[in-house]
Number of protein chains: 2
Amino acid sequence: MAALSYRSEALLKTLIERYISDGQPVGSRTLAKQAGLELSPATVRNVMADLEELGLISSPHTSAGRVPTARGYRVFVDSLIKVRPLNVTELRHIEGELGASQDPQQLVETASALLSQVTRLAGLVMAPKAEQAVFRQIEFLTLSANRILVILITLDGRVHNRIIQAERAYSAAELVEASNYFNRAFAGMSLTDVKSALLAEMQRDSEAMQAAVRIAMDMARGIFAHEPGEGAELVVKGEANLLNIPELGDVHKLRKLLDAFSTKHDLLLLLDQCMRVNGVQIFIGQESGYLALEECSVVTAPYRVDGQVVGTLGVIGPTRMAYDQVIAIVDVTARLLGGALSADGRA
Amino acid sequence: MAALSYRSEALLKTLIERYISDGQPVGSRTLAKQAGLELSPATVRNVMADLEELGLISSPHTSAGRVPTARGYRVFVDSLIKVRPLNVTELRHIEGELGASQDPQQLVETASALLSQVTRLAGLVMAPKAEQAVFRQIEFLTLSANRILVILITLDGRVHNRIIQAERAYSAAELVEASNYFNRAFAGMSLTDVKSALLAEMQRDSEAMQAAVRIAMDMARGIFAHEPGEGAELVVKGEANLLNIPELGDVHKLRKLLDAFSTKHDLLLLLDQCMRVNGVQIFIGQESGYLALEECSVVTAPYRVDGQVVGTLGVIGPTRMAYDQVIAIVDVTARLLGGALSADGRA
DNA sequence: TTTAGCACTCGACCTCAAAGAGTGCTAAAT
DNA sequence: ATTTAGCACTCTTTGAGGTCGAGTGCTAAA
């Protein structure tokens, strides 16, 4: 796209800012006054016509002003926006809340609640992926003849548990032996590595295997029989904030959105993509590729524990949102959550 | 209240049924036809006037028909309604879903999802109260110097974990000893009993206590430092269903309702009350005593594990709901969830 | 006690006109 | 070559006025 003249940019910027702040289509008269350039409405109208031709703004009908299009917002966030750093009170607030707990599960919840609270949008946090967590300890407990409760503890202090249906009944002694084997062989490995180590083990001649190992293999089948993506967990908070936004007044769209929240599948996919990208990322309108998010924007950032990206968080709201603030909030929250999780497990 | 004549009852019943099924105020003409009594609209009008005087129905404005009031619904569900048993397909469906898992946490989620799915309202399940669960085993794990991960497993196969801040650092050996003490002393007791046993223990001369016991006491302080009511966990599903109901078209009310869902506090209180009552219970409109539930009704039923009431479940929806079906669904789901949870932990 | 008849009320819906906002185009001004 | 004033035009919003239909309450007759 050809570079915009300084004037076009300035006008586009003010138009979008104005529209974000009061939600009304912006007319040439208003814009001329607001922009601070000494221009007449007529001149502004010419520029607006150009911007419309470029697909950056559009007009709901003849006698309304102009509103930004998705492409307009794109240009805005890419090159026009000036991110506004959080004020100290807010920062303190977030720090305080995230410092209050040390339970990683709790922290993830808190972070999501914070995001929704501070931005007044819906908060999303994808919990650290289980596969990346480091194996620490495993326990097997017999619930009934063939049903065994497996408790897997990872280094970050998270506890994962599931019930598996065993092929045959195991004695308590057998289970102790099996868990000993696990704990000895895999401590300190990431779960992904544990998985592949187990797989490799199974390839070998099973005749030669010790009983304990064989039982462990049996268990493993049950434990790691996750569907892909199921290892991730999504925490959504503040859905109710989306009720306020008039763009979604259309009940049908809102419904689709809330359904997406309860399914979580699509959102997880989206957040998962963001893990591979560095820093804050923004999806405007259809850019996310999911229909349910049509009128929405998603602002995300990955968060790191000990330098390693382990998850993503963000917010979701109407395309018309205060990007300058939201970007800062998401960014800061990602850092602080990462920090809080890193502090865990150490002194 | 004076007993209603047969005719009044019949007309009230038909009026409410009609209103529930199509949501429009019901006029005398329609009602006369529908009721099956050979009455003229004029007669029906007289009866309606009486019912209005009794506060059972009311008219939105002069030239609309009548709609039931909360009191009207009350009479309806108390003495007029004929509960309609589920059809076989639905029953099979619920049985199937609740039979598929054995994980109690999972079962609670499923039950809530089922309730919302089948009734097309919002489903609520209050998970079995932790205090009533039976102690089975406890494990202590050092996360860092003073931070200890406590994993508490109850007989029903649920895993509760929390991180506590210890007063001083404990060695691994000390922790093993402490957990041994716990497991030996408390296996098979309900958590409430464990709590009071611990309290009693603390009363005694602490000089005489063994080191292990003293440490265990220390732990206990952290573990059982729940606020009352926090032991309970509420699972809400299908909030999105509430978007469809025109009575809540008023965005403001809907907002309050969704906020109540995320706070969960009031709802827990309400469900908690229901544990003490036998069978299905219905709160219509303001009867629940919570403002946020103004235009809503809540239908609940406690569920039992081994004859013991351990939790409550139900649905929440507009006062205008198909009570005859909803009651049956809630009732059945409570039984089946109880059954599924009871089957757990045994052969 | 029930019913037919009737006047009356009130919301839903339509149309019409006026007002207001904002545009695009043209022609003059810089 | 830009910029601007002027103006005709378009389209939404608002409110007034009017009709229609649904449903009521009352009265008087059955």
Side-chain angles (χ1 to χ4, degrees), chain A residues 2 4-12 14-19 21-69 72 246-247 249-250, chain B residues 2 4-12 14-19 21-69 72 246-247 249-250:
Chain A
L4 271 56
S5 72
Y6 169 74
R7 204 163 63 184
S8 306
E9 281 194 348
L11 285 176
L12 179 59
T14 1
L15 186 145
I16 296 186
E17 282 167 351
R18 173 81 189 205
Y19 180 69
S21 82
D22 60 323
Q24 299 299 321
V26 185
S28 56
R29 188 180 207 78
T30 324
L31 191 50
K33 251 184 279 175
Q34 187 102 6
L37 313 167
E38 304 278 306
L39 291 175
S40 75
T43 315
V44 171
R45 278 206 286 283
N46 288 328
V47 178
M48 284 167 96
D50 295 347
L51 290 173
E52 180 154 25
E53 213 161 318
L54 289 170
L56 302 178
I57 59 180
S58 78
S59 141
H61 58 83
T62 351
S63 81
R66 305 297 214 297
V67 300
T69 61
E247 284 87 332
D250 183 359
Chain B
L4 270 55
S5 72
Y6 169 75
R7 202 163 65 186
S8 307
E9 282 194 346
L11 286 175
L12 179 60
T14 357
L15 185 145
I16 296 186
E17 283 168 351
R18 174 80 189 210
Y19 179 69
S21 80
D22 60 327
Q24 298 299 322
V26 184
S28 54
R29 191 183 204 77
T30 325
L31 190 50
K33 250 183 279 174
Q34 188 102 7
L37 313 166
E38 304 279 307
L39 292 175
S40 74
T43 315
V44 171
R45 279 204 287 281
N46 289 327
V47 178
M48 285 168 96
D50 296 345
L51 290 173
E52 180 154 26
E53 213 160 318
L54 289 171
L56 302 178
I57 59 181
S58 77
S59 135
H61 59 84
T62 350
S63 82
R66 304 298 214 297
V67 302
T69 62
E247 285 86 331
D250 183 359

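Throughout, a chain's letter reflects where its sequence line sits, starting with A, and its residues are numbered from 1.
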Rounded off to whole Å, could you give me the CD-to-C1' distance for the A:Glu53 and C:dT23 pair?
15 Å

Name the pairs: protein N/O against N/O of nucleotides 12-15 of chain C, kept only if under 3.5 Å.
none

Restricting to non-hydrogen atoms, name the atom on A:Val26 and the atom on A:Leu15 that form the minimum distance, rounded to 0.1 Å.
CG2-O, 3.9 Å

Output the rounded distance in Å from CG (B:Leu39) to C1' (C:dA4).
15 Å

For DNA chain C, determine which residues of residues 21-31 of chain A have any heavy atom closer than 4.0 angstrom to one of its atoms, and list them numerically.
A:Gly27, A:Ser28

So do the side chains of B:Pro41 and B:Arg45 get within less than 4.5 Å of each other, counting heavy atoms only?
yes

So what does B:Ser63 hit on the nucleic acid, given a heavy-atom distance under 4.0 Å: a base, only sugar-phosphate, or nothing?
base

Helical stems, DNA chain C - three or more consecutive Watson-Crick or G-U wobble pairs below 3.5 Å
C:1-30 with D:1-30

Starting at atom OH of A:Tyr6, determine the distance to atom C1' of D:dT2, rounded to an integer number of angstrom.
18 Å

Table please: side-chain donor-acceptor pairs of residues 52-60 of chain A below 3.5 Å, with sequence neighbours left out.
from	atom 1	to	atom 2	distance (Å)
A:Glu52	OE1	A:Arg66	NE	2.8
A:Glu52	OE1	A:Arg66	NH2	2.7
A:Ser59	OG	A:His61	O	2.7

Can you tell me the distance, in whole Å, between the CG atom of B:Leu11 and the C1' atom of C:dT2?
14 Å

State which residues pass side chain to side chain contact (heavy atoms under 4.5 Å, CB included) with A:Asp50; sequence neighbours excluded, sorted by chain then number.
none

Please report, rounded to the nearest Å, how far the P atom of C:dG22 is from the CD atom of A:Gln34.
13 Å

Considering only nitrogen or oxygen atoms on both sides, find all protein atoms under 3.5 Å from nucleotides 26-30 of chain D and state each distance.
none

Given C:dT3, D:dT4, D:dT24, the nucleotide with the shortest approach to the side chain of B:Thr43
C:dT3

To the nearest angstrom, the CE-P distance between A:Met48 and C:dG22 comes to 9 Å

Tell me whether the side-chain N/O atoms of B:Arg66 come closer than 4.0 Å to OP1 or OP2 in D:dG25.
yes

Mind listing the closest non-hydrogen atom pair of A:Pro68 and A:Tyr19 along with its distance?
CD-CD2, 3.3 Å

Contacts of type side chain to side chain contact (heavy atoms under 4.5 Å, CB included), residue A:Ser5, not counting sequence neighbours:
A:Arg7, A:Ser8

Taking atom CG of A:Leu31 and atom CG of A:Leu11, what is their separation to the nearest 0.5 Å?
5.0 Å

Could you work out, with side-chain hydrogen bond (donor to acceptor under 3.5 Å, both in side chains) as the rule, every residue matching A:Glu9, not counting sequence neighbours?
none

Does OP1 or OP2 of C:dT23 have a side-chain N or O of A:Thr62 closer than 4.0 Å?
no

Closest contact, heavy atoms only, B:Met48 versus B:Gly27:
CE-C, 4.3 Å

If you look only at pairs with a residue in residues 33-42 of chain A, which of them pass as a side-chain hydrogen bond (donor to acceptor under 3.5 Å, both in side chains), with sequence neighbours excluded?
A:Arg18-A:Gln34, A:Ser40-A:Thr43

